[in-house]
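Reading through the structure tokens given below for one structure.
Letters A, B, ... mirror the listed sequences (proteins, then strands); counts begin at 1.
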2 protein chains.
Amino acid sequence: MAKTTPDESVPVRQRGVTMKDVANHAGVSRTAVSFVLSNRENASISEETRARISDAVQELGYRPNAGARALAARRSDWYGIVTEIVTAPFAVDIIKGAQDQAWLDRRFLLIAPSDQADAVGPNDGLEDAATEKLLEQRVEGLLYAATFHRGVHVPESAKEVPTVLINCFDADGKLPSIVPDERAGGRVAVERLLQAGHTRIGVINLDPDIPAAVGRLEGAREALALAGLELDPELVVSGYATADGGYEAACRILDRYPPADRPTALFCLNDRMAMGAYDAIKERGLTIPGDIAVIGFDNQELIAAYLRPKLTTVALPFEKMGALGVQTLAALTAGQPILANQQLVGCPLLERSSV
Amino acid sequence: MAKTTPDESVPVRQRGVTMKDVANHAGVSRTAVSFVLSNRENASISEETRARISDAVQELGYRPNAGARALAARRSDWYGIVTEIVTAPFAVDIIKGAQDQAWLDRRFLLIAPSDQADAVGPNDGLEDAATEKLLEQRVEGLLYAATFHRGVHVPESAKEVPTVLINCFDADGKLPSIVPDERAGGRVAVERLLQAGHTRIGVINLDPDIPAAVGRLEGAREALALAGLELDPELVVSGYATADGGYEAACRILDRYPPADRPTALFCLNDRMAMGAYDAIKERGLTIPGDIAVIGFDNQELIAAYLRPKLTTVALPFEKMGALGVQTLAALTAGQPILANQQLVGCPLLERSSV
DNA sequence: CGCTGTTGGTAACGCGCGTTACCTGCCGGG
DNA sequence: CCCGGCAGGTAACGCGCGTTACCAACAGCG
């Protein structure tokens with residue numbers, strides 16, 4: 001039914017000016033042009049002809065053909081990134097970071113969506129079709145990025161080129177991965193609350209099984225332990241990772257105790273839940289941070305920066321992870337060793353007005 | 001100092017299997033392989049050798065080289081999109097829509113960021129460097145996408161290939177563009193409020209000069225006119241396009257009148273301002289939508305879907321604009337005529353709970 | 001004068017593939 | 001017997017470019 005080729009009616013392309021044209025115009029050989037353009041230092045070209053060639057390039061508006069160059073040089077200067085982020089843009093900053101870094105390295109980042117309609121098989125991981133497409137473009141390395149920190153399954157064919165995982169990790173732990181340091185993030189959040197004098201801290205938890213929840217909670221425990229305190233299991237309530245879930249969880253915590261025993265601070269494991277917690281607190285005539293301090297996690301700008309009062313939260317270092325992913329990939333493709341198989345990236349605390 | 005080429009130490013690439021390998025393995029000529037792979041119907045290849053070739057492809061794990069194919073066929077099947085969206089992801093759905101549509105068309109969408117550090121000149125428009133890079137890849141068409149509806153300046157070199165603007169337009173109006181129908185959106189918002197019985201409607205306006213404000217306000221006036229009403233200029237207040245701006249504007253409107261004269265509905269020209277308006281309303285002990293109905297614009301999921309009550313708003317059709325952009329580009333590159341130079345895309349009303 | 005470098009280039013090959021022109025049987029019809 | 005036509009291929013060229021091998025002219029030197 002559908003053709004595999006886009007359309008059969010081949011339109012007339014603008015005939016681009018090639019190196020041969022430049023050579024003719026400058027009265028030299030094509031080889032000389034190639035030498036000048038690739039800036040070969042050991043090649044011997046006189047300053048004079050070098051200038052003539054540069055002029056010809058200018059005058060004709062020559063633009064190199066990246067594809068032909070890649071073919072001849074057997075290196076494409078392309079990386080590929082497979083991601084569901086385009087679809088679920090929560091972590092779009094990963095792409096930004098990777099894109100920027102690749103640009104700095106004079107490389108092109110091909111972005112392939114991982115959840116297309118023609119994808120087959122169980123969508124537990126990142127897709128084969130996208131990987132295949134990227135390999136057809138002869139990318140020199142692959143990145144896989146997930147919207148939230150989790151384990152993924154990477155297609156077999158990815159093993160053909162250097163591969164780095166961002167915000168995710170593979171089950172067997174063979175591939176290098178870049179993930180947020182959830183534990184340190186949880187710790188810094190609770191340390192901030194302790195520093196503000198709060199000792200009775202409620203925790204609004206995510207699905208307890210996901211890496212984010214495990215790590216952040218562990219960090220919270222560490223911070224309390226360092227202060228000689230323990231995490232009261234009663235003060236940890238889980239809910240759906242939404243504003244409604246946060247609202248309900250906050251209600252449960254706030255209504256369970258008489259005002260004197262009530263926690264004076266809430267650590268919400270994501271900003272959406274913090275958003276709901278705000279409502280629960282305000283609804284009870286309490287103020288933030290006067291009566292209840294709130295600290296979030298994720299730094300979803302649209303929420304954290306616009307809540308009233310603005311939400312103090314721990315940021316996920318998406319952009320940095322993206323950049324680090326590309327750097328790691330660059331090291332791998334250059335045959336250099338990398339520091340560690342799993343690199344943890346710190347989650348900085350962003351002070352706003354809710355603590 | 002910095003080399004123009006990424007790194008000089010060329011690593012050993014995996015030697016990919018080529019069509020020649022397949023041909024040898026199947027005992028036929030490379031031409032035969034090419035014919036089979038490109039599915040040429042007029043070529044005469046017996047079913048038997050056709051099968052032998054397919055088997056060889058499977059066994060060797062042959063993967064076509066997209067770059068070489070593009071070179072030989074003189075068509076790349078690539079489009080390029082230049083956008084600042086990667087950086088300011090508000091409208092990231094444009095990319096998603098374009099990406100999906102391109103994928104359906106079996107084309108690859110190269111995404112180039114338009115606000116890189118090495119960009120030169122006044123950053124009033126979309127960048128030359130990115131365009132140049134994409135043309136070096138021999139993209140067959142270009143898309144330019146902006147995060148918010150506005151006029152842009154497109155580089156000269158973009159004229160070399162078919163070009164379509166998404167969520168923006170060029171000053172001279174020569175290039176085809178896809179933009180949201182702001183006017184219809186404003187009308188549908190106010191119609192919804194009228195339908196709910198509101199006749200005294202406050203408007204929280206954006207910077208009055210931008211296309212979004214002009215169009216949406218005009219639509220609001222139209223809706224009122226159809227109902228035999230006029231827009232009271234006193235009820236239109238402008239503010240910064242933030243939650244704080246919305247809060248302040250809402251306070252001004254709400255506090256200006258005694259309860260009896262107070263508007264019973266607020267049309268906020270974006271969701272962030274609606275978010276602030278919520279606070280102003282709740283602070284005054286009023287309920288949504290009981291005392292004051294609120295309707296937003298933009299449908300920023302993170303806000304609209306998580307506010308309490310959830311915000312009824314008018315959606316910007318980012319994804320659809322992206323897809324339409326690619327479709328328009330496909331028509332252009334195929335030499336087909338396009339419908340109109342400026343295509344307006346409808347902004348659907350999303351009913352939630354704030355009206 | 002012959003020999004060796006050095007400077008300033010060029011011819012030619014190959015990267016992987018699409019495409020066109022051509023070639024070789026073989027069969028049927030006149 | 002010859003000719004035309006068709007099925008089933010193949011040889012060869014070119015896409016735009018990187019790269020290697022080679023070559024001519026000339027200077028210096030013993």
Side-chain angles (χ1 to χ4, degrees), chain A residues 4-6 8 10 12-53 57 60 62-77 135-138 140, chain B residues 4-6 8 10 12-53 57 60 62-77 135-138 140:
Chain A
T4 56
T5 50
E8 307 300 1
V10 177
V12 281
R13 293 264 134 270
Q14 95 272 20
R15 306 267 337 121
V17 19
T18 76
M19 279 184 47
K20 185 150 70 176
D21 301 330
V22 175
N24 290 343
H25 193 265
V28 296
S29 74
R30 202 185 52 67
T31 307
V33 178
S34 176
F35 283 172
V36 169
L37 286 182
S38 51
N39 237 340
R40 288 173 59 124
E41 286 138 18
N42 52 344
S44 52
I45 306 277
S46 72
E47 272 314 311
E48 195 250 322
T49 64
R50 197 177 289 269
R52 267 219 320 287
I53 291 175
V57 166
L60 298 182
Y62 170 74
R63 182 166 21 231
N65 181 323
R69 168 178 293 176
L71 186 59
R74 298 178 213 31
R75 64 219 265 305
S76 61
D77 290 349
L135 289 175
E136 286 184 10
Q137 314 294 330
R138 295 300 187 266
E140 294 181 4
Chain B
T4 56
T5 49
E8 307 298 2
V10 177
V12 280
R13 292 265 135 268
Q14 94 275 17
R15 308 271 332 125
V17 18
T18 76
M19 279 185 46
K20 184 149 71 174
D21 300 329
V22 175
N24 290 343
H25 193 264
V28 295
S29 73
R30 202 185 51 69
T31 308
V33 179
S34 177
F35 283 172
V36 169
L37 286 183
S38 52
N39 236 341
R40 288 173 61 125
E41 287 137 16
N42 52 345
S44 53
I45 306 278
S46 72
E47 270 316 310
E48 195 250 320
T49 65
R50 195 177 291 269
R52 265 217 323 286
I53 292 175
V57 166
L60 298 183
Y62 168 75
R63 181 165 25 231
N65 181 324
R69 170 177 290 175
L71 185 59
R74 298 184 220 14
R75 63 220 264 309
S76 62
D77 291 351
L135 288 175
E136 285 184 9
Q137 314 293 330
R138 296 300 187 265
E140 295 183 2

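- The CZ-P distance, from A/Arg50 to C/dT7, rounds to 13 Å in whole Å.
- The interatomic distance linking B/Asp77 (CG) with C/dG18 (P) rounds to 11 Å, in whole Å.
- A/Ser44 contributes a side-chain N or O that forms a donor-acceptor pair with the base of C/dG8 under 3.5 Å.
- Judged by closest nucleotide on DNA chain D, B/Ala32 is the one of B/Ala32 and A/Thr31 placed further toward the 5' end.
- Here the C1' atom of nucleotide C/dG14 and the CG atom of B/Asn65 are 14 Å apart, to the nearest Å.
- Computed from coordinates, the A/Arg40 CZ to C/dG9 P distance equals 15 Å when rounded to whole Å.
- Remark: the A/Ser29 side chain and the C/dA11 base include no donor-acceptor N/O pair separated by less than 3.5 Å.
- Distance CG (A/Asn24) to P (D/dG16): 13 Å, rounded to an integer number of Å.
- D/dT20 atom P lies 9 Å from atom CZ of A/Arg74, rounded to whole Å.
- Heavy-atom distances to DNA chain C give each of A/Leu71 and A/Gly27 a nearest nucleotide, and the one nearer the 5′ end belongs to A/Gly27.
- Going from atom CG of B/Leu71 over to atom CG of A/Leu71 covers 6.0 Å, rounded to the nearest 0.5 Å.
- Between the side chain of B/Arg30 and the base of C/dG18 there is at least one donor-acceptor pair of N/O atoms closer than 3.5 Å.
- Here the nucleotide nearest the side chain of B/Ala72, chosen from C/dG9, C/dC13, C/dG18, is C/dG18.
- Summarising the geometry, the separation between CD on B/Glu41 and P on D/dG8 is reported as 16 Å, rounded to the nearest angstrom.
- When rounded to the nearest whole Å, the span between CZ of A/Arg63 and C1' of D/dC17 equals 17 Å.
- Looking at the side chain of A/Arg69, the nearest of the listed nucleotides D/dC17, C/dG9, C/dA12 is D/dC17.
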